[in-house]
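Before any comments, here is the structure.
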Amino acid sequence: MLYSRYFIPTIKETPSDAEVVSHQLMLRAGMIRKLASGIYNYLPLGLRSIRKFENIVREEMDRSGAIEMLMPSVQPAELWQESGRWAFYGKELLRFKDRKDAEFCMGPTHEEVITDMVRREIKSYRQMPINFYQIQGKFRDEIRPRFGLMRGREFIMKDAYSFDVDSSAADLSYTKMFDAYMRIFERCGLNFRAVEADTGSIGGSSSHEFMVLADSGEDAIVSCDACRYAANVEKAESPLFTAGYDSNNEPLQKVSTPDMKTIADVAAFLNVAADQTVKTLVYASDSGELVMALLRGDHELNELKLKNHLGWDEIQMATEEQIFACTGSPVGFLGPIGLVMDIPVIADNVVQGMSSVVLGANEKDVHCINARRGRDFEVTRFADIRTVEAGDACPRCASGKLEMWRGIEVGHVFKLGTKYSKALNATYLDANGKEQVIFMGCYGIGIGRTVAAAIEQNHDEHGIIFPLPIAPFHCSVVAVNTKDAAVMSAAEEIYSHLGKSGVEVLFDDRDERPGVKFKDNDLIGIPLRIVVGSKGLAEGKVEMKIRATGEVLSLPLDEVTATVTQLIDAALAYKK
RNA sequence: CGGUGAGUAGCGCAGCCUGGUAGCGCACCUGCCUUGGGAGCAGGGGGUCGCUGGUUCGAUUCCAGUCUCACCGACCA
């Protein structure tokens, strides 16, 4: 490819509205341009990287036995009404009507469409297991698109759907996909973790997320420093605390705590440690159901855990009116004692081990001390509802401690069970001629997001440092002075040789000063750079610079192609 | 959805308070010069100042509405 005839509109200045490095660099390197909020054009260079990654995904999906197809992005409302998600999915689902006033949506995911196809076509146990995948554009009307391709509204996704005769066969399909995902991200040279995750609006029984580690990641994850346990913080289990139950049997006592509304205030005022207090929160469902949650004072509630524990669709903090209605108290002095309304009191498991505590008295400016569960207040039930913290003991192994990371979710695998197949009546006949419900799994990879995450993890102050497997070109050839005939003809020859050897090479033949070319080449992150200049040429040599390490080699002209192809082969080789 | 801020040349911004000929840097075009880390000189093109309405002799500037975009937040009890 001739740089002068190609299209790489680089930008010197950092665009003001790009927050994260990958977004800035993708704009500056001329990979993407914004069309509307969360909607991007993929320029030629960006597309090349995207295609590279797509092909790795494609190869590994094919290797695992999945079958590629393509589904439409516009989907009829009926399917979504049938699965029940038309009402459930909310505003993220972009809905519209056609000229006949029939309702449609832009597909944010394709469980309904694929299940509809499968229920029509898959009738026998003999046709399974089967796994369909596609690489396709999706649309989700995100609350707040940001970070460029990281959280766009329109985005490219690989999604796969497996269909099996029963739960254990489905587990096998899940494992195959899990392994394929490991290979995919390993092949890209990414530093990532597979973590246990919540299933969210997709539903299903269990799932793992694949997280590329990066400080700019939107998710917090924990992993054990001793065993293989790793989980999204949304999901991470809290280890059981064994607390010393103190035998102190002081009577419950009310104390005045004027204007002390936070745990920190109260603990400091009463001169007790925060872990001797109980934090009381009130949550409401979308239908107005209320529930009280109790946590150790220094712990944080995990709303998702509470929501899942309750089986609610939505959860939010109760309003001051709702709180007053059930406790008779203003916010800041809540507690489980003397409730006005009979609402469930869910206490975190840790509270079970607490003996004599400080908590709100449900009365303005008053807290209780020496409150004892069983004597002074009751708990409806205990559950794991707190957010884990770095340094917590591992919930799985005896010796480990949890470490915390930020991660970018690039892949997600779910065991769906029969959620969609039941709703859409996707069944088959088993060997006995008996009708059975199909077991499903679904598996997504954010294509654009993975490329962005790779940049997030591989860059320096000069620009992108593409891992070779997803680099838009393997190698560039820079002619230092295009007016120098000897330099140009040598550069052209190298370019042509490399091309014939199957190297994807970008020939920077522009009539620009060398500095400009070097800066652009660094910015767009081509892994290898051959520089042809008059000085080196006089000795029959050119220079090769490795972008990632900065290493510079002087090569005789006739060794260039061999050296380059060797480096590329090594970088692309994938050991299982 | 709530809060804040911003829309002026392709990009980054000034001007607006105090109304009267729209400016700077980069980019772009032409010429000269230059060629190993975003050079220099000279000349040049490019704007319905987001949109709609109002006030005014006159609005980029003041007022109202509207659209778009960005950032922050969606917590604490």
Side-chain angles (χ1 to χ4, degrees), chain A residues 9-20 23-24 27-28 30 33-39 90-92 141-148 153 257 259-267 274 277-283 292-295 297-301 303 314-320 322-324 326-327 329-336 358-367 387 461-463 478-484 487-488 491 508 510-524 529-538 542-543 545 550 552 554:
Chain A
T10 57
I11 307 171
K12 262 197 244 183
E13 292 167 87
T14 300
S16 62
D17 58 353
E19 276 296 296
V20 297
H23 187 197
Q24 292 169 357
L27 288 169
R28 289 191 52 210
R33 288 291 184 264
K34 185 170 71 178
L35 210 218
S37 178
I39 300 176
K91 287 193 180 165
E92 267 191 20
D141 200 357
E142 294 281 348
I143 297 180
R144 194 178 151 199
R146 56 181 141 184
F147 303 156
R153 292 195 291 172
T257 50
D259 231 22
M260 300 291 155
K261 294 188 180 182
T262 66
I263 291 293
D265 288 345
V266 172
T277 69
V278 163
K279 181 189 280 188
T280 304
L281 305 165
V282 179
Y283 276 84
M292 179 169 275
L294 302 183
L295 289 146
D298 58 328
H299 286 170
E300 296 296 325
L301 181 86
E303 283 189 10
E314 289 296 332
I315 190 163
Q316 56 218 339
M317 301 203 93
T319 62
E320 294 195 16
Q322 287 174 313
I323 290 172
F324 191 82
C326 67
T327 65
S329 163
V331 164
F333 309 96
L334 305 183
V358 173
L359 39 67
N362 288 331
E363 203 176 308
K364 182 169 165 44
D365 296 339
V366 181
H367 277 78
T387 304
E461 68 273 28
H462 301 296
V478 176
V480 170
N481 184 350
T482 53
K483 299 263 163 59
D484 185 324
V487 166
M488 273 308 269
D508 197 342
R510 293 175 299 166
D511 182 20
E512 290 282 357
R513 296 169 61 83
V516 174
K517 299 191 192 186
F518 294 150
K519 289 288 184 189
D520 276 340
N521 275 270
D522 285 350
L523 178 59
I524 65 181
R529 185 185 76 194
I530 307 292
V531 179
V532 185
S534 52
K535 284 177 216 156
L537 210 54
V542 296
E543 169 196 300
K545 184 164 184 176
V552 178
S554 183

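Throughout, a chain's letter reflects where its sequence line sits, starting with A, and its residues are numbered from 1.
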For [N], give its Watson-Crick or G-U wobble partner with both distances under 3.5 Å, or none.
N     : answer
B/C71 : B/G3
B/C28 : B/G44
B/A14 : none
B/A9  : none
B/C57 : B/G20

Sticking with atom [atom1], work out how far [N] lies from [M], rounded to a whole angstrom.
N     : M     : atom1 : answer
B/G53 : B/C67 : C1'   : 14 Å
B/U48 : B/U4  : P     : 31 Å
B/U34 : B/C41 : C1'   : 11 Å
B/A9  : B/G23 : C1'   : 11 Å
B/U60 : B/G15 : C1'   : 9 Å
B/C16 : B/C49 : C1'   : 11 Å
B/A6  : B/A14 : C1'   : 14 Å
B/G37 : B/C28 : C1'   : 23 Å

Gap between atoms [atom1] and [atom2], on [X] and [N] respectively (whole Å):
X      : N     : atom1 : atom2 : result
A/N362 : B/A77 : CG    : C1'   : 11 Å
A/E92  : B/C1  : CD    : P     : 15 Å
A/E320 : B/C75 : CD    : P     : 15 Å
A/Q24  : B/G12 : CD    : P     : 13 Å
A/E142 : B/A74 : CD    : P     : 17 Å
A/K261 : B/C76 : NZ    : C1'   : 11 Å
A/R28  : B/C11 : CZ    : P     : 16 Å
A/E461 : B/G37 : CD    : C1'   : 13 Å

What does A/V531 touch in the nucleic acid at a heavy-atom separation under 4.0 angstrom: a base, only the sugar-phosphate, or nothing?
->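 The residue A/V531 makes base contact.
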Report which part of the nucleic acid A/I263 touches: base, sugar-phosphate, or nothing (heavy-atom distance under 4.0 Å, all strands).
->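 Result for A/I263 = sugar-phosphate.
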As a test of reading the structure: which of [options] is closest to the side chain of [X], going by heavy atoms?
X      : options             : value
A/D511 : B/G38, B/A77, B/U35 : B/U35
A/K519 : B/G38, B/A77, B/U35 : B/G38
A/K34  : B/A77, B/C71, B/A70 : B/A70
A/E300 : B/A39, B/G37, B/C76 : B/C76
A/P514 : B/C71, B/A77, B/U35 : B/U35
A/T262 : B/G38, B/G36, B/A77 : B/A77
A/V516 : B/G12, B/A39, B/U35 : B/A39
A/E19  : B/A77, B/G36, B/C72 : B/C72

Please tell me if [X] has a side-chain N or O lying less than 4.0 Å from either OP1 or OP2 of [N].
X      : N     : result
A/S37  : B/A70 : yes
A/K12  : B/A27 : yes
A/R513 : B/U34 : no
A/K279 : B/A77 : yes

Identify, between A/K535 and A/H367, the residue whose nearest nucleotide on RNA chain B lies closer to the 5' end.
->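 The residue mapped nearer the 5' terminus is A/K535.
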On RNA chain B, nearest-nucleotide positions of A/G297 versus A/F147: which is more 5'?
->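 Residue closer to the 5' terminus by nearest nucleotide: A/F147.
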State which residue, out of A/V542, A/V480, A/D508, A/V552, fulfils the side chain to side chain contact (heavy atoms under 4.5 Å, CB included) condition with A/V531.
->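 Answer after filtering A/V542, A/V480, A/D508, A/V552: A/V480.
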If you measure from OH on A/Y283 to CD on A/Q316, what distance do you get to the nearest 0.5 Å?
->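 With rounding to 0.5 Å, OH (A/Y283) is 10.0 Å from CD (A/Q316).
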With distance as the sole criterion, do the side chain of [X] and the base of [N] form a donor-acceptor contact below 3.5 Å?
X      : N     : result
A/E512 : B/G38 : no
A/D520 : B/G38 : yes
A/R529 : B/G37 : yes

Within 6.0 angstrom of A/K261 NZ, more than 12 heavy atoms from elsewhere |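 Counting neighbours around NZ of A/K261, 12 or fewer heavy atoms of other residues, nucleotides or ligands fall under 6.0 Å, so no.
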For the pair A/Q24 (side chain) and A/A18 (backbone), establish whether a donor and an acceptor sit closer than 3.5 Å, ignoring hydrogens and angles.
->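 Yes, A/Q24 side chain to A/A18 backbone: donor-acceptor pair under 3.5 Å.
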Heavy-atom donor-acceptor pair, A/K517 side chain to A/R510 backbone, under 3.5 Å |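 The answer is yes, because a donor-acceptor pair under 3.5 Å joins these two groups.
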Of the non-hydrogen atoms in A/M292 and A/V282, which two are nearest, and what is the gap between them?
->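 So the two residues come closest at CE-CG2, 4.1 Å.
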Taking all non-hydrogen atoms of both residues into account, name the closest pair between A/R153 and A/P145 and its distance.
->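 What the structure gives for the nearest pair is CG-CG, 3.7 Å.
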Going by an N to O cut-off under 4.0 Å, is there a salt bridge joining A/D522 and A/R529?
->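 A salt bridge links A/D522 with A/R529.
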